[in-house]
Novice: 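Provided herewith is a single structure, encoded as structure tokens, for subsequent inquiry.
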Amino acid sequence: MLPESAKPYLLNSVYQWWVDQGHTPYILVVVAYPGVAVPSGYEKDGRMILDISPNACHNLNMADGWISFNARFGGVARTVDVPMAAVVAIYAAETQEGMGFAEPELPEAPPPGSEPEDRAARAAEVQEKPERPSLRVIK
């Protein structure tokens with residue numbers, strides 16, 4: 001079995017390969033996993049299938065252990081954030097072939113500062129509070 005740290009690389013490479021082949025990549029996500037932010041009402045048995053193809057989502061970002069993108073659900077634009085640890089499969093819609101991963105263990109809570117909102121807030125703080133240059137007299 002591969003280590004969990006290999007998962008982001010596998011997800012990225014399989015995604016890119018399917019897009020290059022003209023296939024539609026889907027991911028299967030455990031909705032109850034901490035940090036998963038998906039529109040409610042679309043899950044089934046605690047799981048949700050997300051179309052992450054370029055035609056279905058915009059601003060796809062697969063980095064830092066997260067998959068984030070914008071998509072329309074019922075005609076309403078939504079932002080989706082999924083920790084890669086919550087992904088249990090990636091597959092091509094056309095062939096149903098793909099790669100499965102071990103069922104994630106549900107932690108009590110995500111580590112502090114790991115959720116996308118926390119990362120975005122920290123980035124905004126850095127941009128809002130630039131350090132002022134200062135000069136010192138050295139003799």
Novice: For the residue pair Y42 and L50, establish whether any side-chain heavy-atom pair is separated by less than 4.5 Å.
Specialist: no
Novice: Within the supplied structure, the quantity of interest is the number of heavy atoms (other residues, nucleotides, ligands) at a distance under 6.0 Å from E103 CD; does it exceed 12?
Specialist: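 Yes, CD of E103 has more than 12 neighbouring heavy atoms, counting only those of other groups under 6.0 Å.
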Novice: Hey, could you give me the CD1/CD1 distance between I27 and I52, rounded to the nearest 0.5 Å?
Specialist: 5.0 Å
Novice: Which is it for M84 and M62 under the side-chain contact (heavy atoms from CB on, under 4.5 Å) test, yes or no, and what are the steps along the way?
Specialist: CA-CA 9 Å; M84 288 187 184; M62 296 176 75; 3.9 Å; yes
Novice: Give me the atom names and distance for the closest heavy-atom approach of W18 to G98.
Specialist: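 Minimum heavy-atom contact is CH2-CA, 3.5 Å.
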Novice: Mind listing the closest non-hydrogen atom pair of P104 and A86 along with its distance?
Specialist: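 So the two residues come closest at CG-CA, 4.4 Å.
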Novice: Quick one, Q16 with D20, criterion side chain to side chain donor-acceptor pair (under 3.5 Å). Give me CA distance, side-chain angles, the key distance, then yes/no.
Specialist: CA-CA 6 Å; Q16 192 59 56; D20 291 348; 3.0 Å; yes
Novice: Could you work out, with side-chain hydrogen bond (donor to acceptor under 3.5 Å, both in side chains) as the rule, every residue matching N55, not counting sequence neighbours?
Specialist: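 By the side-chain hydrogen bond (donor to acceptor under 3.5 Å, both in side chains) rule, N55 matches no residue at all.
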Novice: Return the CG to OG1 distance between N70 and T79, rounded to the nearest 0.5 Å.
Specialist: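 Here the interatomic distance stands at 4.0 Å.
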Novice: Taking side chain to side chain contact (heavy atoms under 4.5 Å, CB included) as the definition, give me every residue that meets it alongside D51, ordered by chain and number, with sequence neighbours left out.
Specialist: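 Result, side chain to side chain contact (heavy atoms under 4.5 Å, CB included) vs D51: T24, Y26, S53, A56.
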Novice: Any side-chain heavy atom of I67 within less than 4.5 Å of one from F69?
Specialist: yes
Novice: Throw together a table of side-chain donor-acceptor distances under 3.5 angstrom for residues 28-38, partners on residues two or more places apart or in other chains.
Specialist:
none

Novice: Looking only at heavy atoms, which two atoms of P39 and M48 are closest? And how far apart?
Specialist: O-CE, 4.0 Å
Novice: Would N61 and S68 satisfy side chain to side chain donor-acceptor pair (under 3.5 Å), going step by step from the backbone distance to the final call?
Specialist: CA-CA 5 Å; N61 184 16; S68 301; 5.5 Å; no
Novice: Indicate yes or no for a side-chain donor-acceptor contact from Q96 to the backbone of A93 under 3.5 Å, with no hydrogens or angles considered.
Specialist: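 A pair under 3.5 Å: yes.
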Novice: Please examine the side chains of Y91 and V14, heavy atoms only from C-beta on, and report whether any two atoms are closer than 4.5 Å.
Specialist: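 The answer is no; the side chains never approach within 4.5 Å.
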Novice: Is a side-chain N or O of K7 found less than 3.5 angstrom from the main chain of V87, in a donor-acceptor match?
Specialist: yes
